[in-house]
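What follows is one structure encoded as structure tokens, with my remarks underneath.
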There are 2 protein chains.
Amino acid sequence: MKLTSKGRYAVMALVDLARFDNINPVSLRDISLRQGISLDYLEQIFSKLRKKEIVQSVRGTQGGYVLNRKAKDIKLTNIFDAVDEKVKTVQCKKESKKGCNGKSTKCLTHNLWDELENHINNFFKEKSLEDLVKDNSERRL
Amino acid sequence: MKLTSKGRYAVMALVDLARFDNINPVSLRDISLRQGISLDYLEQIFSKLRKKEIVQSVRGTQGGYVLNRKAKDIKLTNIFDAVDEKVKTVQCKKESKKGCNGKSTKCLTHNLWDELENHINNFFKEKSLEDLVKDNSERRL
DNA sequence: TATAAACCTGACTAAAATAGTCAAGTATCA
DNA sequence: TGATACTTGACTATTTTAGTCAGGTTTATA
């Protein structure tokens with residue numbers, strides 16, 4: 001059970017962006033350098049973020065990206081959703097809800113995995129980008 | 001971010017075992033048939049569970065496995081630990097705690113991943129095998 | 001004591017997912 | 001008109017997962 005680096009990078013990049021986007025758009029090149037993430041990979045990630053309207057792009061020289069909403073209105077769940085980072089505990093979700101592949105005896109633990117998914121997703125729904133930026137500036141020396 | 005089937009199967013198998021082990025040891029063959037998990041794979045999993053003293057084996061004809069402790073003393077975290085199902089959010093754990101690969105600016109989000117790990121692990125520490133068995137018998141029609 | 005049931009171990013592998021790289025653009029500002 | 005920066009899609013090496021397979025050993029019971 002692990003987080004993919006795509007999800008992790010997306011959050012890191014957005015925290016970085018949120019800290020610097022007060023005045024000008026932030027270029028991916030800057031984020032790449034500051035966060036040590038490959039530029040090509042960042043482009044892939046921001047393409048998804050843009051499609052989900054989490055960021056806006058500004059083209060041309062001095063261009064870059066800006067947040068499309070207030071930091072406090074961007075939750076982790078929005079970010080993970082955008083880059084396809086999902087919490088998956090069981091395969092049997094798509095099937096009929098009761099049956100679990102037809103055999104009702106099979107999923108003794110189905111309830112458990114649902115609870116677990118909810119538990120994790122709740123965490124993601126509560127945390128906003130603003131929380132992360134604040135938390136970070138407070139920890140600053 | 002997903003649960004591996006090894007972790008999932010381990011829990012499923014142990015819930016099954018916990019329900020049937022009152023009198024006789026439960027054979028993997030029975031669990032395999034009831035839960036639809038390959039016998040070979042179950043053996044792999046139970047080998048790990050036995051090493052961590054979660055179950056005991058009984059050899060010979062009529063042999064099988066029994067729980068090594070009370071169901072309420074077996075937590076999900078013990079099971080996942082036994083089969084190497086770990087919650088991993090970042091790679092930078094093994095390095096020096098502060099540095100995060102040396103660059104202190106890098107991990108703007110380090111705190112977050114720690115929180116997330118704790119959040120998930122707390123869930124695993126609270127849930128016991130007994131909870132699952134109870135939950136299941138209550139849902140029974 | 002033979003034998004079958006069941007445990008035990010380790011090596012092997014196909015398939016899927018991940019974590020990127022690479023190439024070839026297009027748009028816009030200075 | 002050139003430099004900067006976004007945009008897109010295809011491609012690939014590596015790693016992980018989810019098992020299978022083969023060849024044992026142990027022990028209850030007939």
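Chain identifiers are assigned alphabetically (A, B, ...) following the order of the sequence lines, protein sequences preceding nucleic acid strands; residue numbering begins at 1 within each chain. Note that the coordinates shown come from a computational prediction; the quantities given were computed from them, not determined experimentally.
- Side-chain proximity of B:Y41 to C:dC8, D:dT7, D:dT20: nearest is D:dT20.
- Put simply, A:S47 has no side-chain N or O that comes within less than 4.0 Å of OP1 or OP2 on D:dT7.
- Toward the 5' end of DNA chain D, the nearer of the two residues A:K2 and A:S57, judged by each one's closest nucleotide, is A:S57.
- Straight-line distance from the CD1 atom of B:I45 to the P atom of C:dC7: 14 Å, rounded to whole Å.
- A sub-4.0 Å separation between OP1 or OP2 of C:dA4 and a side-chain N or O of B:R29 is absent.
- Transitive grouping of hydrophobic side chains (ILVMFWY, heavy atoms separated by less than 4.5 Å) keeps B:V58 and B:I31 in distinct clusters.
- Remark on DNA chain D: of its neighbouring residues B:T4 and A:G60, the 5'-side contact belongs to A:G60, judged by nearest-heavy-atom nucleotide.
- Summarising the geometry, the separation between CE on B:M1 and C1' on C:dA17 is reported as 15 Å, rounded to the nearest angstrom.
- Straight-line distance from the CD1 atom of B:I37 to the P atom of D:dT20: 11 Å, rounded to whole Å.
- Each of A:L39 and A:T61 has a nearest nucleotide on DNA chain C; the 5'-most of these lies closest to A:L39.
- A:Y9 has no side-chain polar atom (N or O) that falls below the 4.0 Å cut-off from OP1 or OP2 of C:dA19.
- For the pair B:Y65/B:S57, a side-chain contact is recorded, criterion being any heavy-atom separation below 4.5 Å from C-beta on.
- Phosphate contact (OP1/OP2 of D:dT7, side-chain N/O of A:Y65, threshold under 4.0 Å): present.
- Residue A:R59 places no side-chain N or O under 4.0 Å from the OP1 or OP2 atom of C:dA30.
- For C:dT21, the OP1/OP2 oxygens have a side-chain nitrogen or oxygen of A:S38 closer than 4.0 Å.
- Under a cut-off of 6.0 angstrom, the local environment of CZ in A:R69 is crowded, with over 12 non-hydrogen atoms contributed by other residues, nucleotides or ligands.
- Between C:dG20 and A:S5, a contact under 4.0 Å exists linking OP1 or OP2 to a side-chain N or O.
- Atom CD1 in B:I31 sits about 12 Å away from atom P in C:dA6, given to the nearest Å.
- B:L49 has its CG atom 13 Å from the P atom of C:dC7, to the nearest Å.
- Between the CG atom of B:D84 and the C1' atom of D:dG19 there is a distance of 16 Å, rounded to whole Å.
- Between A:D30 atom CG and D:dT4 atom C1' there is a gap of 12 Å when expressed in whole angstrom units.
- B:K127 is listed as a side-chain neighbour of A:E115, based on a closest heavy-atom distance under 4.5 Å.
- Under the 3.5 Å distance criterion, the side-chain polar atoms of B:S128 are matched with a main-chain donor or acceptor of B:D131.
- With hydrogens and angles ignored, no donor-acceptor pair under 3.5 angstrom links the side chain of A:Q62 to the base of C:dC29.
- As a whole-Å value, the separation of B:L42 CG from C:dT9 C1' is 16 Å.
- One donor-acceptor pair, N or O on each side, does fall under 3.5 Å between the base of D:dT20 and the side chain of B:Q44.
- Geometrically, B:R34 engages B:F20 in a cation-pi contact defined by less than 6.0 Å to the ring centre and at most 45° from the axis.
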